Every structure is written in structure tokens, then in C-alpha cells.
Amino acid sequence: KAGVTQTPRYLIKTRGQQVTLSCSPISGHRSVSWYQQTPGQGLQFLFEYFSETQRNKGNFPGRFSGRQFSNSRSEMNVSTLELGDSALYLCASSLAAGSSGNTIYFGEGSWLTVV
Amino acid sequence: TQLLEQSPQFLSIQEGENLTVYCNSSSVFSSLQWYRQEPGEGPVLLVTVVTGGEVKKLKRLTFQFGDARKDSSLHITAAQPGDTGLYLCAGLSRSSNTGKLIFGQGTTLQVKP
């Protein structure tokens with residue numbers, strides 16, 4: 001079955017602009033999480049959605065937001081982009097949140113460069 | 001705050017050598033996952049360990065979950081250049097009903113032919 005699909009794969013934005021990234025989870029998976037990966041900070045948790053509800057949020061400013069649709073697809077939005085937002089944004093999906101042994105699968109990521 | 005300390009951060013070895021990567025925490029995790037990531041790609045799941053003391057083997061890779069579910073190790077036997085990449089351990093919190101993963105800093109492995 002198809003894996004986690006993220007679009008776009010690469011994009012370049014200017015400081016002050018906003019960006020929307022999309023994620024389609026594995027078919028049947030209802031939990032979607034977003035992570036930011038940078039060389040200095042590694043992988044950091046942004047937020048998690050399950051059944052269209054945000055279940056958990058990481059320590060990021062309010063410029064970072066997300067949502068999940070009824071078909072489990074998810075989007076994340078970053079407004080007023082800053083140079084430091086340049087990163088690989090990864091989406092992960094799993095069957096259900098919080099289950100012991102729950103396996104989490106990642107997409108290939110969206111590379112965002114802010115200039 | 002839950003943290004996972006992964007070591008070593010960098011490892012450069014010759015083909016055929018053995019190596020071990022460690023992942024340690026003072027917190028208990030309900031499960032721990034190991035991923036391998038190539039440059040520009042997303043992490044690819046290698047294994048999930050759930051039970052304390054569990055050992056799983058994937059060809060030349062051996063994964064172990066500590067008895068107390070606070071630590072884990074990845075041992076590679078007879079490393080090959082194709083093993084080169086970033087290895088990440090990630091723990092799933094035991095204390096909350098969430099899918100949030102806590103990641104280690106990663107181990108960059110280079111296997112020279």
C-alpha cells in the first residue's frame with residue numbers, strides 16, 4: 001500500500017510569506033504528526049492530530065498551525081516566515097495515537113527554504 | 001521533559017567492523033523505534049521494540065530494549081558501505097495517550113570500503 005505522501009517536496013519562500021504543506025497518511029491511518037528537522041536541533045515535534053482533533057502540540061510559536069480533514073489528510077501552515085524556519089518538515093502517520101507498540105511511519109518530507 | 005541521549009554522534013569505520021549505537025534515558029517509554037535516514041529523505045523505520053529485554057534481529061542488525069524500557073542499543077555486525085546513514089532512536093511516551101515521538105540526536109555512520 002502507498003506510504004505517507006507529502007507535497008510539495010521542495011519549495012522556496014521569502015521572509016514574511018506564508019506556506020502550506022500537505023500530508024496524506026497511509027490508508028487506514030487516523031493519526032498524523034508533524035516534525036521539524038534541522039541540523040542544529042534534530043527532529044522536533046510540532047503537533048499531532050487524530051480524528052480531526054489536535055491531541056498534542058510541541059513548543060513552537062503560534063505561527064505554526066495545522067489541521068486534519070475528515071479523510072485523515074493533514075495540512076500545516078507557517079505564517080510570517082523567518083529564515084530560521086528553513087528545515088525539512090516531516091509528516092508521520094499511525095493507526096491510532098498512544099497505543100503501546102504503535103508503529104509510526106514517516107513521509108519523505110517537504111524541504112522548505114526561506115530566503 | 002523526556003530526553004533521549006544517543007551516542008556516539010558520529011562514527012566512521014571500515015567495512016567489516018562491528019559497531020554499537022546507544023540510546024539512553026531516565027524516562028520509561030512504552031516502545032522505542034529505530035529509524036535510518038538518508039540525506040534529503042524521511043526516516044525509514046527499521047524496528048519497533050515494545051517489551052523490556054526484547055531483542056530483535058534484522059539481518060546484520062540487532063536491536064535490544066532495556067529491561068526497564070529506558071534504554072536501547074543497535075548493534076551492526078560486519079558493517080557495509082550500504083549501512084552508511086543517519087540512525088535515529090525515538091521513544092513513544094508511556095505516560096500520555098499520544099503518538100508524540102521523542103527523538104535522540106542521531107548517529108551519523110560512515111562505512112568506508
Side-chain angles (χ1 to χ4, degrees), chain A residues 3-6 9-10 21 23 25-26 29-51 53-60 68 74 87-113, chain B residues 1-10 21 23 25 27-52 54 56 58 63 65 69 72 85-108:
Chain A
V4 180
T5 305
Q6 290 187 246
R9 283 278 283 143
Y10 305 94
L21 308 177
C23 172
I26 292 172
H29 285 195
R30 295 169 62 192
S31 176
V32 173
S33 302
W34 289 89
Y35 293 80
Q36 182 197 63
Q37 186 176 27
T38 58
Q41 299 296 321
L43 272 140
Q44 293 187 291
F45 173 80
L46 280 158
F47 24 65
E48 175 195 4
Y49 289 89
F50 181 77
S51 293
T53 302
Q54 187 179 89
R55 294 175 63 95
N56 207 345
K57 191 176 190 304
N59 190 25
F60 279 81
Q68 186 181 32
S74 177
L88 178 65
Y89 289 88
L90 291 160
C91 171
S93 82
S94 59
L95 276 171
S99 304
S100 177
N102 193 26
T103 299
I104 298 171
Y105 299 91
F106 282 83
E108 293 191 323
S110 292
W111 276 104
L112 170 64
T113 301
Chain B
T1 303
Q2 290 183 302
L3 291 173
L4 266 174
E5 298 289 334
Q6 191 172 340
S7 63
Q9 275 192 283
F10 302 97
V21 178
C23 205
S25 176
S27 304
V28 176
F29 292 97
S30 64
S31 66
L32 199 137
Q33 301 181 121
W34 285 90
Y35 294 88
R36 181 165 165 265
Q37 187 177 22
E38 300 277 359
E41 304 293 329
V44 174
L45 179 69
L46 295 173
V47 77
T48 301
V49 285
V50 179
T51 307
E54 183 176 6
K56 280 191 174 179
L58 185 67
F63 305 85
F65 202 13
R69 293 190 292 172
S72 182
L86 176 66
Y87 289 82
L88 295 157
C89 64
L92 191 63
S93 173
R94 178 191 182 198
S95 61
S96 58
N97 185 27
T98 175
K100 174 183 175 181
L101 284 171
I102 309 296
F103 276 90
Q105 304 96 314
T107 296
T108 299

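Numbers restart at 1 for each chain; the letters A, B, ... are given by sequence-line order, proteins then strands. Worth saying up front: this structure is predicted, and the values here are computed from it rather than measured.
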Could you pull out the closest heavy-atom pair between A:Leu90 and B:Gly42, with the gap in Å? CD2-CA, 3.7 Å
Please state whether the side chain, the backbone, both or neither of [X] comes within less than 4.5 Å of a heavy atom of chain A.
| X | value |
| --- | --- |
| B:Leu88 | side chain |
| B:Leu86 | side chain |
| B:Glu38 | neither |

I need the B:Lys100 NZ to A:Leu46 CG distance, nearest 0.5 Å.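 With rounding to 0.5 Å, NZ (B:Lys100) is 10.5 Å from CG (A:Leu46).
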If I take atom CZ from residue A:Phe106 and atom CD from residue B:Glu41, how far apart are they, to the nearest 0.5 angstrom?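 With rounding to 0.5 Å, CZ (A:Phe106) is 14.0 Å from CD (B:Glu41).
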With a 6.0 Å cut-off (strictly less than), is the heavy-atom count around OH of A:Tyr105, excluding the residue itself, greater than 12?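 Result for OH/A:Tyr105: open.
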Sub-3.5 Å donor-acceptor pair from the side chain of A:Tyr35 to the main-chain atoms of B:Leu101, do we have one?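 Answer holds: yes.
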Less than 4.5 Å to any heavy atom of chain B: does that hold for the side chain of A:Leu88, its backbone, both, or neither? side chain
Considering only heavy atoms, which portion of A:Gln44 lies under 4.5 Å from any heavy atom of chain B: side chain, backbone, both, or neither?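 For A:Gln44, there is no contact with chain B at all, as no heavy atom is under 4.5 Å.
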